[in-house]
Amino acid sequence: MENHSDKNIRNSTSMIRLPMLLAATLAGGILIGATFFGGRTRYSGDLVRNLNKFREVLTYIDNAYVDSVNTDTLVDYSLEKMMTHLDPHSVYIPKKEVAAAKAQLESGFDGIGVEFNIFNDTVFVINAIPGGPAATAGMRSGDRLIRADGTPLTGKKVDNQLIFSKLRGPGGSAVKLEIQRRGEKNLLNFNVTRGRIPSYSVSASYLIDGNTGYIKIDRFAESTYNEFRSQLASLKKQGMSRLVLDLRGNGGGFKDRATDIVDELLGGNKLIVKTDGKGTQFDDETYARKEGLFEKGAVVLLIDENSASASEIVAGALQDHDRALLVGRRTFGKGLVQTPIDLSDGSQIRITVSRYYTPSGRCIQKPYAIYESDDRYKDGELFVADSIKFDKNQAFKTDNGRAVYGGGGIIPDIFVSVDTSYRTKYLYQLAARNVIAEYAFRYALDNRAKLSEQTFKDYLQKFTVSDAMINEVATMLPPQESSETRPT
């Protein structure tokens with residue numbers, strides 16, 4: 001979200017996260033605008049026989065099974081299991097989850113415009129997005145959501161799915177909210193008309209010093225390229241001559257947004273990425289095609305074990321052409337391209353149609369067989385560069401003749417160990433119980449006026465954590481874990 005106290009900074013209060021299924025679909029590099037079937041579809045004899053077999057079994061169950069059976073549930077279950085036998089990233093998405101899956105990569109969604117967090121069975125408004133329907137209606141940070149259209153939003157049964165179902169909806173529709181606000185005796189009532197809420201994927205952009213710019217991209221969504229280009233142009237106007245591009249934790253998204261960003265940094269008509277699938281339908285080579293905004297200045301690219309798919313396209317292209325210095329840890333190793341296919345009932349499959357190859361010819365994808373055993377923490381790879389696993393037989397050369405390796409993920413030029421100071425058992429317990437997030441939220445509410453007077457730069461340089469604050473955190477022991485901050 002935009003930080004209106006400092007026009008040069010954009011920080012989101014949280015990274016958007018969905019359940020594991022939706023995260024898996026995001027981690028798939030998504031090919032859009034593809035024509036999936038050309039002309040008349042041809043069915044092999046094996047396929048026809050198996051379709052008839054499936055229909056027979058389902059018909060017998062529906063007609064003869066001793067108990068009543070929901071055949072929709074059976075079919076959904078069958079499709080989910082079927083996709084798991086293909087590869088780790090091909091998925092079936094039930095109709096009820098398609099909208100949420102698509103929203104993760106869209107430039108916005110229809111809702112009331114608040115970010116919320118669940119603390120101790122209570123839904124707190126973390127941020128009412130400036131200019132959004134909720135903020136316009138008078139809602140603000142710290143408000144507690146009690147009911148939506150009469151449905152309780154408190155108690156042990158409240159979860160993100162319930163909140164999404166009540167707060168999101170078609171633009172122009174209304175929802176009646178009952179709010180509890182600190183200092184008010186009675187509940188406050190708000191009638192909020194839903195509207196379009198922008199969703200930003202570039203979560204931070206600022207100058208680190210007089211000539212070093214920093215841009216953080218959380219995912220490659222519909223608006224990512226336009227956001228990136230705008231922030232890049234702004235930083236250049238402020239005097240940026242070198243760039244730190246942060247793709248740590250970026251699980252991927254749209255392929256063309258990633259290649260467009262590479263094109264802004266890479267000069268000449270150079271290959272960015274190649275895809276190779278069954279036959280030639282999904283074979284493609286993407287080249288730099290225009291004069292970019294930042295083709296000359298130094299670039300440092302930050303990556304880690306959670307940088308995947310489209311992030312690895314960026315990393316592989318910039319490394320192979322010696323355009324950027326890669327710093328961090330080996331990327332995830334997800335080099336498969338998924339195409340979304342809408343089914344007749346509104347559900348969707350995202351099926352793998354090709355593999356990614358970097359300009360030097362490296363295959364980004366790691367072997368399926370090691371998905372379960374790829375424990376980089378246990379293997380020591382997060383701490384020691386010598387523990388990085390790669391196939392020496394898959395050696396390739398960058399434009400300047402440096403050796404790089406295929407077989408799974410992109411290996412950085414400079415290795416940086418994971419920060420072990422954040423991996424103590426005690427800190428894990430605090431994080432699991434949401435103590436740190438809850439304390440920060442309460443502190444921000446109690447010190448709203450003081451914090452609002454500070455710019456981001458002042459906060460970064462002057463804010464200190466006192467012993468008293470640490471002691472206060474240590475006394476907070478909420479009874480159960482809370483969910484993460486999510487926008488609605």
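What you see is a predicted model, and the numbers here were worked out from it, not measured in a lab. One-based numbering along the sequence shown.
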request  = Go through the steps to decide whether Asp458 and Thr455 satisfy the test side-chain hydrogen bond (donor to acceptor under 3.5 Å, both in side chains), and finish with yes or no.
outcome  = CA-CA 5 Å; Asp458 288 338; Thr455 65; 3.2 Å; yes

I'd like to know if the side chain of [X] and the backbone of [Y] have a donor-acceptor N/O pair within less than 3.5 Å.
X      : Y      : answer
Ser311 : Asn250 : yes
Asp374 : Ile370 : no
Thr224 : Arg219 : yes
Gln231 : Phe228 : no
Thr331 : Ile410 : yes
Arg355 : Cys363 : no

Is the number of heavy atoms from other residues, nucleotides or ligands under 6.0 Å of [X] [atom1] greater than 12?
X      : atom1 : answer
Gln394 : CD    : yes
Lys278 : NZ    : no
Arg376 : CZ    : yes
Tyr371 : OH    : yes
Asn447 : CG    : yes
Lys274 : NZ    : no

Check whether any side-chain heavy atom of [X] sits under 4.5 Å from a side-chain heavy atom of [Y], and report yes or no.
X      : Y      : result
Val125 : Leu145 : yes
Leu232 : Leu243 : yes
Tyr405 : Asp391 : no
Ser417 : Val384 : no
Ile215 : Val202 : yes
Ile349 : Leu343 : yes
Ser360 : Val404 : yes
Val299 : Arg323 : yes

message = Can you pull out every ring pair (Phe, Tyr, Trp, His ring centres under 6.0 Å) where at least one residue sits in residues 284-324? Sequence neighbours excluded, please.
response =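 Residue pairs passing ring pair (Phe, Tyr, Trp, His ring centres under 6.0 Å), neighbours aside: none found.
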
Can you see whether [X] engages [Y] through a side-chain donor-acceptor pair at a distance of less than 3.5 angstrom?
X      : Y      : answer
Ser90  : Asp87  : yes
Gln348 : Tyr92  : no
Thr398 : Asp320 : no
Thr275 : Asp284 : no
Thr259 : Thr286 : no
Ser165 : Gln161 : no
Ser223 : Asn226 : no

Check [Y] with [X], please: is the shortest side-chain N to carboxylate O separation under 4.0 Å?
X      : Y      : result
Arg196 : Asp110 : yes
Lys397 : Asp322 : no
Arg242 : Asp209 : yes
Asp218 : Lys216 : yes
Arg289 : Asp260 : yes
Arg330 : Glu381 : yes

task = Applying side-chain contact (heavy atoms from CB on, under 4.5 Å), run through Ser387 and Asp379 and close with a yes or a no.
result = CA-CA 7 Å; Ser387 296; Asp379 295 341; 5.8 Å; no

Minimum heavy-atom separation for [X] to [Y], with atom names?
X      : Y      : result
Gly267 : Lys270 : O-CD, 3.4 Å
Lys236 : Leu293 : NZ-O, 2.6 Å
Pro412 : Gly328 : CG-O, 3.3 Å
Gln319 : Arg402 : O-NH2, 3.5 Å
Ala310 : Gly253 : CB-N, 4.0 Å
Lys255 : Val273 : CE-CG1, 4.0 Å

Could you tell me whether [X] and [Y] have their ring centroids closer than 6.0 angstrom?
X      : Y      : value
Tyr368 : His89  : no
Tyr206 : Tyr214 : yes
Tyr377 : Phe383 : yes
Phe124 : Phe116 : no

Nearest 0.5 angstrom please: [X] [atom1] to [Y] [atom2], how far?
X      : Y      : atom1 : atom2 : value
Ile93  : Ser347 : CD1   : OG    : 9.0 Å
Leu326 : Ile411 : CG    : CD1   : 11.0 Å
Asp159 : Ile163 : CG    : CD1   : 7.0 Å
Ile197 : Ile112 : CD1   : CD1   : 8.5 Å
Asn127 : Ser141 : CG    : OG    : 5.0 Å
Leu336 : Leu86  : CG    : CG    : 11.0 Å

query = With a distance cut-off below 6.0 Å to the six-membered ring centre and an angular limit of 45° from the axis, does Lys366 pair with Phe332 as a cation-pi contact?
reply =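 Judged by the rule, Lys366 and Phe332 form a cation-pi pair.
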
message = Among Phe220, Tyr356, Tyr357, which residue satisfies the side-chain contact (heavy atoms from CB on, under 4.5 Å) criterion with Ile313?
response =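 That would be Tyr356; it is the only one of Phe220, Tyr356, Tyr357 passing the side-chain contact (heavy atoms from CB on, under 4.5 Å) with Ile313.
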
ask   = Can you name the side-chain contact (heavy atoms from CB on, under 4.5 Å) partners of Arg442, sequence neighbours left out?
value =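 side-chain contact (heavy atoms from CB on, under 4.5 Å) list for Arg442, sorted by chain: Glu438, Met476.
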
N/O donor-acceptor pairs under 3.5 Å from side chains in residues 300-308, not counting sequence neighbours:
residue : atom : partner : partner atom : Å
Asp304  : OD1  : Gly249  : N            : 3.1
Asp304  : OD1  : Asn306  : N            : 2.9
Asp304  : OD1  : Ser307  : N            : 3.2
Asp304  : OD1  : Ser307  : OG           : 3.3
Glu305  : OE1  : Arg329  : NE           : 2.7
Ser307  : OG   : Leu247  : O            : 2.7
Ser307  : OG   : Asp304  : N            : 3.1
Ser307  : OG   : Asp304  : O            : 3.4

